[in-house]
Amino acid sequence: MVRRIKVKKLMAEPTLGKDVLVKGWVRTKRGNRNIVFIALNDGSTINNIQIVADAASFDESLLKDITTGASIGVTGRLVESQGGGQNIEISALHIEIYGKSDANTYPLQKKGHSMEFLRENAHLRFRTNTFGAVFRIRHAMAFAIHKYFNDIGFFYLHTPIITGSDAEGAGEMFHVTTLDLKTIPRGEDGAIDFREDFFGKETNLTVSGQLEGELGALALGEIYTFGPTFRAENSNTPRHLAEFWMIEPEMAFYDLNDNMDLAEDFVKYLIRYALENCKEDLEFLDRMVNPGLSGRLKFVVENEFVRITYTEAVDILSASGRKWEFPVGWGRDLQAEHERYLVEEHFLKPVIITDYPKEIKAFYMKQNDDGRTVRAMDVLFPGIGEIIGGSQREEVYDKLLARIRELKLPEKDLWWYLDTRRFGTAPHSGFGLGFERFILFVTGMANIRDVIPFPRTPKNAEF
RNA sequence: UCCUCAGUAGCUCAGUUGGUCAGAGCGGCGGACUGUUAAUCCGUAGGUCGUAGGUUCGAGCCCUACCUGGGGAGCCA
C-alpha cells in the first residue's frame, strides 16, 4: 500500500522510480487512442502533476469519466518526463475516480474565464490557477501576521464582534437583534424598546476593535487584533466590502513615530515573507494577471516610505499646477485624486501622511499643541489608496473628554474608555490594516471581491 | 448613493440607418491522430437576445421603468 503524497512535496523531493499515490482534481485531459495525459492539481501548489496513462491498460469507460473537474486518485511510478513542459510525471498503474464531473454542466473550462464569471461561481473558483494562488497567498499572509507580532512580543487579543458601543464612528453598522421584526416592541414615544432584546440594549456588529484593543494595550503592553469587521455602508467599489478582516495593533508607550516605524516594518516584513514563501504563486500572478507585480513588491521592500505632514501634502498639491476636480485647501480632506497624485506621480512610492486637521479625523486622536491638528497617520499605497489608518491616541483625560463633548458623542457609553485615562493613562498608538486591501496589493488583483473567498457587498450575500 | 458603460448559445463576443440578424470562436458531444502541454484536424447539437411595458406593418437594435454586473466618485480599511 502506497501512502498518499501531496503534489507540492512530490515535486520538492521527487523519488524517481518509486511508486506514489496522488489525489486531486483533474484540470485537463488530452491524448489519443493510445495514450492519455491528465493534468492533476491537489491544491498544495499551483503546479499540476502530469499523469500518463496507457489507454490499453485502462477501461475505456473509466478514462471517459476522467473529465475536467473530476476527483481522482492515481497510483503510479514517478518517472522523468519524456515530453517538454515538466520534469517529472506519473506513469499510471491504477486510477480511482472519487467524484465524476459532468463535462456538459461543469462551469469551469480549460480556457480562461472572466473574473466576473468566476465571482458568480465562487464555490468553484478555488479550482482555478488564479484563485488557488490568491488564497494560498492569503493564508501565508495571515500566518505571517501572527508570526510577525508573536516574534516581537505582541499578544493576539480577541475583541468582541458584537458590540454595544456605537461610538466608534467608523461608519454605518449592522444591527444585531433577536427581536421579532414583525412586532417590534416600542415605548410610548415610538422608540424601539431594546430592553426586550437579547442583550437588553441596542447592539451592532463591530466596525473596529480599536477601543477595546486600547484597553488591552494599557495592561499587556502591545496587542493586536485580527478579525472580521463589518460596515453597512452602501459602498460599491473594487476596494470595499461589507464584511472584511482587519489587523489592529495597539501599543502602549508608542508615539506617532514609533507607530509609523512599526507600520512600515510590518508591511515590509509581510511582503518579504510573500516574496520568499509564495514564489510560484506570485510568478504566476505576475505572468498571467498583473505584469510587473514582483518588481513592485520588491520596490516597496527596498525603499523607505515617504513621510510628510498633511500641511506639506497640501502645499505640494497646491504647487503642482494641476487642475483638480475637488479643490485643494488646508482643512479639506484629501480626495482620491490627490492621494493618487502624491503616491503615483509625485513620490512614486508609498507615502505616510501625518498631522491632519482635527476636524476631519476621529475624536480619540492625540491633539497637537497647535490646537488644530491631530497625530494621525495614513499610509497610502499605489493603486489602492489608504491601506493603513492610525494615530497616536489622546491619553489626557480632560482633552479627550472635551473632544467627546465637542462632538456630542455618547459620553455615558464611553465610561470604560475614559476610565483608562483616569487610571494610569499612558501615551499609546495604533493603526488598522485592511487585510483584503493588503492582499489586493500583494496579489496584484484588481477587485477586492476576488481576494476574499465569499465577498459580502451591497445586494450580494450569496454562498 | 451619484455618474457612466454593459447584459445575445455553457464561456468570450460580433450583430450596420429598425426589414434572412439568430452568428463566430472556444467549450461540450461524435470521429481521426503513437508523447500531449489552452494539443491539432474533421463533423455536430446548443439561444424566450436581462425583466416588464411601450412605439412601429415589423424591435436583438428605438423609448420608459426595474434588476444584475463592470468602471469612476463619495464613505472608508
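Values below: every heavy atom of this structure, side chains too, minus hydrogens, waters and symmetry copies. Numbers restart at 1 for each chain; the letters A, B, ... are given by sequence-line order, proteins then strands.
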*Asks:* For the rings on A:His94 and A:Phe58, is their centre-to-centre separation under 6.0 Å?
*Replies:* no
*Asks:* Have a look at A:Ile384 and say if it touches a base, only the backbone sugar-phosphate, or nothing, with a 4.0 Å heavy-atom cut-off.
*Replies:* nothing
*Asks:* Within residues 76-100 of chain A, which residues have any heavy atom lying less than 4.0 Å from an atom of RNA chain B?
*Replies:* A:Ser81, A:Gln82, A:Gly83, A:Gly84, A:Gln86, A:Glu89
*Asks:* Taking any strand in view, what nucleotide pairs with B:A32 in a Watson-Crick or G-U wobble way, both distances under 3.5 Å?
*Replies:* B:U40
*Asks:* How far does the C1' atom of B:U16 sit from the matching atom of B:C11, given to the nearest Å?
*Replies:* 26 Å
*Asks:* When you compare B:C21 with B:A32, how far apart are their C1' atoms, in angstrom units rounded to a whole number?
*Replies:* 35 Å
*Asks:* Mind checking whether A:Phe131 and A:Phe126 have ring centres under 6.0 Å apart?
*Replies:* no
*Asks:* In terms of side-chain heavy atoms, does A:Thr229 have a donor or acceptor partner in A:Arg231 at a distance below 3.5 Å?
*Replies:* no
*Asks:* For B:G31 versus B:A38, give the span between their P atoms, rounded off to a whole number of Å.
*Replies:* 25 Å
*Asks:* State the syn/anti category of B:G7 according to its glycosidic angle, syn meaning within 90° of 0.
*Replies:* anti
*Asks:* Identify, with sequence neighbours excluded, every residue that meets ring-ring contact (aromatic ring centres under 6.0 Å, His included) alongside A:Tyr106.
*Replies:* none
*Asks:* Determine whether the aromatic ring centres of residues A:Phe438 and A:Tyr273 are separated by less than 6.0 angstrom.
*Replies:* no
*Asks:* Just do the salt bridge (charged side-chain N to carboxylate O under 4.0 Å, His left out) check on A:Arg403 and A:Glu406 with the steps written out, would you?
*Replies:* CA-CA 5 Å; A:Arg403 194 77 184 119; A:Glu406 214 174 336; 3.3 Å; yes
*Asks:* Just by distance, with hydrogens left out, do A:Asn257 and A:Asn259 show a side-chain donor and acceptor under 3.5 Å apart?
*Replies:* no
*Asks:* Please tell me whether A:Glu395 and A:His428 have a donor and an acceptor in their side chains that are separated by less than 3.5 angstrom.
*Replies:* no
*Asks:* Using the rule given for salt bridge (charged side-chain N to carboxylate O under 4.0 Å, His left out), can you reason through A:Lys6 versus A:Asp42, listing the C-alpha separation, both sets of side-chain angles and the distance that settles it, and then say yes or no?
*Replies:* CA-CA 7 Å; A:Lys6 300 292 277 293; A:Asp42 70 358; 5.3 Å; no
*Asks:* Give me the distance, rounded to whole Å, that separates B:G46 from B:A59 when you measure between the P atoms they each carry.
*Replies:* 25 Å
*Asks:* Using heavy-atom distances to pick each residue's nearest nucleotide on RNA chain B, tell me which of A:Ala242 and A:Gln109 is more 5'.
*Replies:* A:Gln109
*Asks:* What does the list of N/O pairs under 3.5 Å between the protein and nucleotides 45-52 of chain B look like, with a distance for each?
*Replies:*
none

*Asks:* Go ahead and name the base partner of B:G7; Watson-Crick or wobble counts if both distances stay under 3.5 Å, otherwise write none.
*Replies:* B:C67
*Asks:* For B:A22 and B:G71, measure between their P atoms and round to the nearest Å.
*Replies:* 35 Å
*Asks:* What is the distance from CZ of A:Arg30 to P of B:G27, rounded to the nearest Å?
*Replies:* 13 Å
*Asks:* Below 4.0 angstrom, which residues in residues 31-53 of chain A have at least one non-hydrogen atom near RNA chain B?
*Replies:* A:Gly31, A:Asn32, A:Arg33, A:Asn34, A:Ile35, A:Phe37, A:Gln50
*Asks:* Both distances below 3.5 Å, Watson-Crick or wobble geometry, any strand: find the nucleotide opposite B:C2.
*Replies:* B:G72
*Asks:* With a distance cut-off below 6.0 Å to the six-membered ring centre and an angular limit of 45° from the axis, does A:Arg27 pair with A:Trp25 as a cation-pi contact?
*Replies:* no
*Asks:* Rounded to whole angstrom, note down the P distance from B:G27 over to B:U40.
*Replies:* 7 Å
*Asks:* For RNA chain B, which residues of residues 430-443 of chain A approach it to below 4.0 angstrom with any heavy atom?
*Replies:* A:Gly432, A:Gly434, A:Arg437
*Asks:* Taking CG from A:Asp378 and C1' from B:A77, how many angstroms apart are they, rounded to a whole number?
*Replies:* 10 Å
*Asks:* Verify whether one side chain among A:Ser81 and A:Glu89 offers a donor that lies under 3.5 Å from an acceptor in the other.
*Replies:* yes
*Asks:* Give A:Lys64 one of three labels, base, sugar-phosphate or nothing, depending on what nucleic acid heavy atoms sit under 4.0 Å from its own.
*Replies:* sugar-phosphate
*Asks:* What's A:Phe117 touching, base or sugar-phosphate or nothing? Going by heavy atoms closer than 4.0 Å.
*Replies:* sugar-phosphate
*Asks:* Is any side-chain heavy atom of A:Phe226 closer than 4.5 Å to one of A:Met246?
*Replies:* no
*Asks:* Grab the N/O contacts between the protein and nucleotides 66-73 of chain B below 3.5 Å, and write none if there aren't any.
*Replies:*
from: B:G70; atom 1: OP1; to: A:Arg119; atom 2: NH1; distance (Å): 2.4
from: B:G70; atom 1: OP1; to: A:Arg449; atom 2: NH1; distance (Å): 3.1
from: B:A73; atom 1: OP1; to: A:Arg340; atom 2: NH1; distance (Å): 3.3
from: B:A73; atom 1: N6; to: A:Asn236; atom 2: O; distance (Å): 3.4

*Asks:* Quick one: CZ on A:Phe149 to OH on A:Tyr156, what's the gap to the nearest 0.5 Å?
*Replies:* 11.5 Å
*Asks:* So, do A:Leu21 and A:Val74 sit near enough that their side-chain heavy atoms are less than 4.5 Å apart?
*Replies:* no
*Asks:* May I ask you to verify whether the side chain of A:His113 and the base of B:C11 hold a donor-acceptor pair under 3.5 Å?
*Replies:* no
*Asks:* Checking side-chain polar atoms at under 3.5 Å, does A:Asn368 have a donor or acceptor matched by the opposite partner on A:Thr373?
*Replies:* yes
*Asks:* How about A:Asn41 and A:Arg127: does a side-chain donor come under 3.5 Å of a side-chain acceptor?
*Replies:* no
*Asks:* Measure from CD on A:Glu339 to C1' on B:C76 and round the result to the nearest Å.
*Replies:* 10 Å
*Asks:* Between A:Tyr269 and A:Ile145, is any pair of side-chain heavy atoms under 4.5 Å apart?
*Replies:* no
*Asks:* Whole-Å distance between B:C75 C1' and A:Glu233 CD?
*Replies:* 5 Å
*Asks:* Say you pick atom C1' in B:U4 and the same atom in B:C41; how far apart are they, in whole Å?
*Replies:* 45 Å
*Asks:* Please report, rounded to the nearest Å, how far the C1' atom of B:A77 is from the CZ atom of A:Arg231.
*Replies:* 6 Å
*Asks:* Could you state the CG-C1' distance from A:Asn121 to B:C11, rounded to the nearest angstrom?
*Replies:* 10 Å
*Asks:* Using atom P in both nucleotides, what's the gap between B:G54 and B:G10 to the nearest angstrom?
*Replies:* 28 Å
*Asks:* What is the distance from CZ of A:Phe284 to C1' of B:A38, rounded to the nearest Å?
*Replies:* 12 Å
*Asks:* Who is the Watson-Crick or G-U wobble partner of B:C62, with both distances under 3.5 Å?
*Replies:* B:G54
*Asks:* Could you tell me whether the side chain of A:Leu282 reaches within less than 4.5 Å of the side chain of A:Leu297, counting heavy atoms only?
*Replies:* yes
*Asks:* How close or far is atom C1' of B:A77 from atom CE of A:Met141, stated in whole angstroms?
*Replies:* 18 Å
*Asks:* Strictly by modelled atom types, are A:Ser391 and A:Arg393 linked by a side-chain donor-acceptor pair under 3.5 Å?
*Replies:* yes
